[in-house]
Amino acid sequence: MSEEAKSLNFIEHIIEEDLRNGMPKNHLRFRFPPEPNGYLHIGHTKAIGISFGLGEKYNAPVNLRFDDTNPTKEEQEYVDAIKHDISWLGYKWENELYSSDYFQQLYDWAILMIKDGKAYVDSQSSEAIAEQKGTPTQVGTNSPFRNRSTQENLDLFERMKNGEFESGTHVLRAKIDMEDPNMLMRDPIMYRVMHAHHHRTGNDWCIYPMYDWTHGESDYIEQISHSLCSLEFKPHRKLYDWFKEQVHDYSVDEYPLIPKQREFARLNLSYTIMSKRKLLKLVEDGVISGWDDPRMPTISGLRRRGYTPNSIRKFIKKVGVAKRENVIDVSLLEFCIREDLNKTAPRVMAVLDPIKLVITNYPENKEEWLVAENNPEDDNAGTRQVPFSREIYIEKDDFKEEAGNKFFRLKLGGEVRLKNAYIIKAENVVKDVNGNITEIHCTYSEDTTKKVKGTLHWVSIKHAIQAEVREYDRLFMDEAPDSHPDKNFMEFINPNSLKTINAFVEPSLADAKVGERFQFQRLGYFNVDDDSTANKLVFNKTVGLRDSWVKQKLKQNNTKNLQKPQQQQRKAINVIQQLGKKYTNLPEEKQQKVKAEIQKLAKDVTYNELEPLFGTAIKKAGTRIATIIVLKVLLNNGLKHNDAINEFVEKALEDKNELLVAEARTI
RNA sequence: UGGCCCAUGGUGUAACUGGCAACACGUCUGUUUUUGGUAUAGAAGAGUCUAGGUUCGAGCCCUAGUGGGCCAACCA
């Protein structure tokens with residue numbers, strides 16, 4: 001079966017149109033241009049997914065280009081981490097490139113621009129330059145150095161390059177227009193003096209090009225066809241195009257194609273932050289253990305947490321691409337990882353919050369190895385054996401001395417199935433001096449065919465292995481922690497985002513390897529953390545299973561407290577309104593049916609409910625027709641005419657919608 | 001005293017050149033089940049920000065308004 005024609009996003013529309021207009025398919029070329037100044041996060045995944053996804057879709061090359069023009073912030077460590085993350089996600093780049101590879105070309109072009117009077121050296125302080133730049137609502141003014149002679153500019157620029165000047169003393173600026181409403185066009189800085197060691201070019205340069213000058217020209221040199229970036233670069237497009245025009249004049253023969261920048265809305269995730277600077281702060285302040293802490297929204301964090309590349313790619317596909325600001329609910333990410341792991345993760349049993357259960361009629365020294373299915377979703381997953389004995393652990397939550405019949409778990413006198421084992425019945429409990437239950441005593445029956453409502457997971461105490469389980473909660477307690485102008489995002493940090501648990505797991509897990517993923521049955525998905533050693537197993541909780549029981553409990557609590565009214569029947573007037581909406585679009589037959597229905601419903605409508613509808617917008621003819629129909633019924637039932645009614649009917653009579661006029665006439 | 005971008009169920013994205021607003025997540029109901037998971041069947045929820053205009057017909061085109069975002073780093 002062929003894949004159904006999926007609708008295109010706006011970038012794909014643009015590409016399709018370019019192709020239709022004659023762009024050869026083999027001119028398609030994309031790039032992902034990270035700055036190596038931090039780790040990649042889930043937000044970057046969107047940009048990666050877009051550009052690399054397009055590469056896969058059109059079978060076009062995608063370059064990985066490090067935008068490394070600021071040696072003070074960039075490090076090799078980040079380059080390595082970024083490459084690792086992209087590969088892990090399963091994408092392949094055509095070329096590994098660096099903006100710094102183009103420093104010489106950029107410099108040569110800059111010289112040409114100076115010669116053409118399109119760039120000049122400014123020798124003011126950054127403060128002075130900033131001041132002359134104006135504000136978004138106020139134009140800028142020219143620099144006193146704007147009209148230096150070509151000779152002087154050339155000389156100064158050469159000396160900047162040679163390291164004769166200190167940082168901050170001179171810059172090279174493009175000569176564009178200080179009055180442009182777009183501030184980026186007000187003689188933007190192309191080069192600044194920086195005596196810094198660069199992770200690739202070492203000490204070769206002491207002038208470094210700025211983003212706008214570098215980025216577009218790098219695209220141009222690589223002959224990128226579509227340069228895709230996030231929305232905040234939209235204002236840069238004008239400059240991007242301006243620079244391109246200049247260099248294109250110099251190098252048409254060598255580089256014939258002109259790239260096109262297009263912008264999409266970046267990804268935001270609820271309850272998380274996405275700024276590299278802020279993530280770095282969390283790392284530096286030790287709020288979390290590092291860039292790859294499982295609570296971090298970084299790719300390395302998600303990886304350590306147990307997310308699969310597949311789930312992340314699916315997630316990105318699902319969130320789509322558009323231009324409007326968006327906040328994606330974390331539940332979508334969770335859905336994607338559950339969906340993936342459900343099919344692939346072997347099931348095992350683990351008890352996180354144990355309570356001892358003794359099966360009194362099971363022989364003291366007996367033990368059995370029972371057969372357990374590894375994954376009901378995967379026919380090839382096979383089975384394993386789990387040990388059973390007289391004393392086991394179950395979850396504390398799975399037992400209550402007394403409970404209603406909505407509680408499917410174990411209660412005194414109640415029966416429940418032990419997963420992969422027998423059906424047991426709770427007979428009594430042992431308590432300590434404080435009244436806490438220390439043991440549950442049960443009897444078992446070997447008849448496993450009986451129908452019982454609940455099934456519990458368990459581990460045999462004698463055979464269980466201890467393991468550390470790290471359970472995570474969201475790192476921030478606010479839905480949008482960095483969107484409060486008056487509050488710092490650090491204020492929202494959840495102090496309980498990490499819970500370390502001493503758990504008991506079934507012995508088959510003894511040789512689980514770092515990175516392996518499991519479903520702890522009835523609990524969630526877990527993977528073996530990097531900290532795990534041969535003597536000590538450490539698991540991360542990736543995500544819990546969907547749990548309709550907690551919802552059930554929440555609901556019960558709510559109804560207890562609030563006595564929420566049962567979902568009340570919809571009011572007749574609301575139903576009528578909805579019927580009216582579509583009225584004008586319906587075929588005539590159906591209109592008659594709907595009309596009859598409205599007339600029937602109208603009997604339950606009061607005038608007070610109807611009157612507000614008189615104000616319905618003119619263009620909403622359907623609603624007005626429905627209103628007229630109801631009005632007629634009310635009038636027939638003895639309602640008296642008043643000014644509001646007369647006005648409404650008159651307006652209807654004058655309408656150009658014939659249906660509406662016809663209905664109004666009948667009044 | 002500006003410029004640019006955006007506005008569709010709770011959330012995200014569709015709707016090709018105008019034709020009964022669709023899909024996914026979430027929510028709610030059944031059914032199945034040795035996971036209160038999965039699967040499966042279904043439901044509720046939108047006049048497409050507002051007001052006008054063009055049109056036989058507007059989410060889509062036009063005008064005005066409203067609301068939100070971005071732009072004043074020798075960052076990217």
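Letters A, B, ... are given to chains in the order of the sequence lines, protein chains preceding strands, and every chain is numbered from 1.
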(Q) Quick test of the criterion, 5.5 Å between centres and less than 30° between planes. Is A:Y211 stacked on B:A76 or not? (A) no
Is a donor-acceptor pair below 3.5 Å formed from side chain [X] to base [N], judging by atom type as modelled?
| X | N | result |
| --- | --- | --- |
| A:E373 | B:U34 | no |
| A:R522 | B:G36 | no |
| A:E377 | B:G37 | yes |
| A:R347 | B:U35 | yes |

Quickly work out the [X] [atom1] to [N] [atom2] distance and round it to whole Å.
| X | N | atom1 | atom2 | result |
| --- | --- | --- | --- | --- |
| A:E339 | B:A39 | CD | C1' | 12 Å |
| A:I189 | B:C75 | CD1 | P | 8 Å |
| A:F264 | B:U13 | CZ | P | 13 Å |

Considering only the [atom1] atoms, how many Å lie between [N] and [M], rounded to the nearest integer?
| N | M | atom1 | result |
| --- | --- | --- | --- |
| B:G68 | B:U29 | P | 37 Å |
| B:U55 | B:G3 | C1' | 34 Å |
| B:G59 | B:U13 | C1' | 14 Å |
| B:A58 | B:U17 | C1' | 14 Å |
| B:A22 | B:U35 | P | 36 Å |
| B:U48 | B:A15 | C1' | 11 Å |
| B:A46 | B:G65 | C1' | 23 Å |
| B:C23 | B:A14 | C1' | 7 Å |

Q. Is it true that the side chains of A:D219 and A:Y240 contain a donor and an acceptor less than 3.5 Å apart?
A. yes
Q) Applying the ring-ring contact (aromatic ring centres under 6.0 Å, His included) test to A:Y191, which of A:Y120, A:Y208, A:F157 qualifies? A) A:F157
Side-chain N or O of [X] closer than 4.0 Å to phosphate OP1/OP2 of [N]:
| X | N | result |
| --- | --- | --- |
| A:R546 | B:U38 | yes |
| A:H13 | B:U17 | no |
| A:K238 | B:C4 | no |
| A:R192 | B:A76 | yes |
| A:S7 | B:U13 | no |
| A:R417 | B:U33 | no |

Contact class for [X] (heavy atom, under 4.0 Å): base, sugar-phosphate, or nothing?
| X | answer |
| --- | --- |
| A:T135 | base |
| A:K453 | nothing |
| A:S126 | base |
| A:K318 | sugar-phosphate |
| A:F408 | base |
| A:Q521 | base |
| A:L231 | nothing |
| A:V319 | sugar-phosphate |

Q | A:Y39 and A:Y78 aromatic ring geometry - parallel, tilted or perpendicular at 30°/60° bounds | A | perpendicular
Q) For A:W205, is the NZ or CZ atom of A:K161 found under 6.0 angstrom from the centre of its six-membered ring and inside 45 degrees of the ring axis? A) yes
Q: Between A:E74 and A:K406, just flag the one whose closest nucleotide in RNA chain B comes earlier from the 5' side.
A: A:K406
Q: Kindly check if the number of other-residue, nucleotide or ligand heavy atoms within 6.0 Å of CD (A:E368) is above 12?
A: yes
Q) Taking C-beta and beyond as the side chain, do A:I42 and A:I312 meet within less than 4.5 Å on heavy atoms? A) yes
Q: Would you sort out whether A:R347 and A:H457 count as a side-chain hydrogen bond (donor to acceptor under 3.5 Å, both in side chains), showing the intermediate values?
A: CA-CA 11 Å; A:R347 320 280 133 132; A:H457 61 275; over 6 Å; no
